[in-house]
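All values below come from the heavy atoms of this structure, side chains included, with hydrogens, waters and symmetry mates left out. Just so it is clear, the model here is predicted, and its values are computed rather than measured.
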Amino acid sequence: MTTEIRKIDGESLRLAASVIKGGGLVAFPTETVYGLGANAFDSDAVGSIFRAKGRPSDNPLIVHVHADYDIGGLVYDEFEYVKRLRAAFVPGPLTLVYRSRGAVSPLVSCGLDTLAVRVPSDKNAAMFLREVNLPIAAPSANASKHISPVTAQHVYEDMNGKIPLILDGGRCTGGIESTVLDVTTETPRILRSGLITCEMIESVAGRCEYAQHREGDKVRSPGVKYKHYSPKCPTKMYGRNELEAAVADYKSALKRGLSPIFVCDDFAAEELKGYRCIPIGKTSLQHASALYDALHRAESEANYIIGISLEGDSQIEVGVMNRFAKACAEDVK
Ligand code: TXA
Ligand code: MG
């Protein structure tokens, strides 16, 4: 199958809607990362998402809808605080995990009795979702375990030949995936950190906690247990106070004929002058926005990536460092 990349306009949106209604897959931009979408009511289409990504069949998908789509037919709304959260953060990079009514394909939630729903704020995503007017199941549009895509070209590199259409809306500005929040309990629980932080949720809902993984617990968000966000070359991560060891590693890699590169914040980059380096900004928001693009660049320009822990200025850093540490992990986690 040939994969077309089309700028977003009336014609490409109509084409996208007809691909989706015909059971096909369409990659589309959001404010976080590109998604790989299918009609959530169509089990064949949802199944083909897992095949195109090589995604484990126990890792559930988020359903995306436009702001006026009535999700009352999809999920149960149980707690009063959820309305306040929606008023404050939806549309936006917040995914809410509700108890499901079982209306969409059972493949979406991989047999869980919950359903994750997100309303993207990106205007291109909103136009696409309005045009199809269906709940769209969509994971990030990368091959499973690879770095998430923030440009149409990143999607193309992983999905060429596997999907018919990529809607090109330019680079995603948010940069890391949405916060995934379980709202099936009295206290909302963060299953995956993102741009909507625990503090922000607490300020609206009155309380918020991080899901703790305890041995023997049923995994509430299966996606968090896999190796993720990984470049195709070897990687390593150093703390901010280990710059000397990181430089020694860089030099020894050069001697072994490798082509190393640092990915770090602007402050570490100052101290690493003279070495190849991709700086990703000063603030946590800048780090989030630049991280995946930097990792994509690093894997195309070098063959050994050395990450240096980022120093942030907000709780957003929790989500950024979670991705960065997984991307630069040496072993499968
Ligand atoms: O920003 C985002 O969330 C992007 C864009 C495309 O919207 N999507 C995304 O999807 O990151 P994906 O599939 O790469 O990650 C979905 C995460 C996984 O960690 C998955 O386990 C969790 O959401 N998830 C989905 N449905 C769930 C459910 N019913 N219960 C718990 N976790 C769920
Ligand atoms: Mg993903």
Side-chain angles (χ1 to χ4, degrees), residues 13 16-17 20-21 23 25-26 28 30-32 35-47 49 59-139 177-192 194-196 200-208 211 220-223:
L13 286 170
I20 292 286
K21 287 175 183 160
L25 304 184
V26 173
F28 62 100
T30 79
E31 70 277 26
T32 60
L36 180 59
N39 176 1
F41 292 125
D42 179 342
S43 286
D44 289 338
V46 175
I49 292 180
N59 189 5
L61 306 175
I62 297 169
V63 154
H64 298 67
V65 293
H66 61 75
D68 298 320
Y69 192 91
D70 179 10
I71 62 166
L74 304 181
V75 297
Y76 297 101
D77 214 347
E78 289 169 299
F79 297 100
E80 195 274 329
Y81 72 81
V82 184
K83 288 184 187 59
R84 278 181 278 138
L85 284 177
R86 277 200 302 260
F89 303 121
V90 174
L94 178 66
T95 295
L96 298 173
V97 176
Y98 300 87
R99 216 157 285 291
S100 176
R101 289 186 185 270
V104 299
S105 160
L107 296 184
V108 172
S109 293
C110 306
L112 297 172
D113 60 359
T114 51
L115 183 67
V117 181
R118 179 160 110 78
V119 182
S121 59
D122 176 75
K123 75 170 192 328
N124 289 316
M127 283 197 292
F128 165 65
L129 292 167
R130 280 185 195 282
E131 185 74 31
V132 289
N133 201 29
L134 285 167
I136 296 295
E177 299 86 345
S178 62
T179 303
V180 179
L181 187 71
D182 181 355
V183 294
T184 64
T185 50
E186 255 174 72
T187 298
R189 294 194 308 156
I190 295 183
L191 304 178
R192 180 178 71 183
L195 295 177
I196 306 296
M200 290 160 76
I201 293 163
E202 215 164 23
S203 75
V204 172
R207 49 197 185 273
C208 178
R220 299 249 0 143
S221 195

Enter the distance from [X]:[atom1] to [Y]:[atom2] here, rounded to the nearest 0.5 Å.
X      : Y      : atom1 : atom2 : value
Phe89  : Leu96  : CZ    : CG    : 10.5 Å
Asp68  : Leu129 : CG    : CG    : 11.5 Å
Phe128 : Asn133 : CZ    : CG    : 11.5 Å
Ile190 : Thr179 : CD1   : OG1   : 6.0 Å
Thr184 : Tyr76  : OG1   : OH    : 13.5 Å
Glu78  : Glu186 : CD    : CD    : 10.5 Å

Do [X] and [Y] come within less than 4.5 Å of each other through their side chains, counting heavy atoms only?
X      : Y      : answer
Leu85  : Ile201 : yes
Val65  : Pro135 : yes
Asn124 : Phe28  : no

*Stepwise side-chain contact (heavy atoms from CB on, under 4.5 Å) check, Phe41 with Leu134*: CA-CA 8 Å; Phe41 292 125; Leu134 285 167; 4.0 Å; yes
*Under the 3.5 angstrom rule, does the side chain of Ser178 hit a backbone N or O of Val180 as a donor-acceptor pair?*
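Flag not set: sc Ser178 to bb Val180 has no pair under 3.5 Å.
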_Check: Ser109 side chain, Thr114 main-chain N or O, donor-acceptor pair, under 3.5 Å_ =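 Yes, because the side chain of Ser109 sits within donor-acceptor range (under 3.5 Å) of the backbone of Thr114.
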*Of the non-hydrogen atoms in Asp182 and Tyr81, which two are nearest, and what is the gap between them?*
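Smallest interatomic distance, heavy atoms only, reads O-OH, 4.2 Å.
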*Listed by chain and number, what are the salt bridge (charged side-chain N to carboxylate O under 4.0 Å, His left out) partners of Arg84, not counting sequence neighbours?*
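Partners of Arg84 by the salt bridge (charged side-chain N to carboxylate O under 4.0 Å, His left out) criterion, ordered by chain and then number, come out as Glu80.
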_Sidechain N-carboxylate O distance under 4.0 Å for Asp42, Lys21_ =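 No, Asp42 and Lys21 are not salt-bridged.
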_Among Glu177, His64, Arg118, side chain to side chain donor-acceptor pair (under 3.5 Å) partner for Thr30_ =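 Single pass found, and it is Arg118.
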*So His66 and Tyr69, would you call those rings parallel, tilted or perpendicular, with 30° and 60° as cut-offs?*
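Perpendicular, since the angle between the ring planes exceeds 60°.
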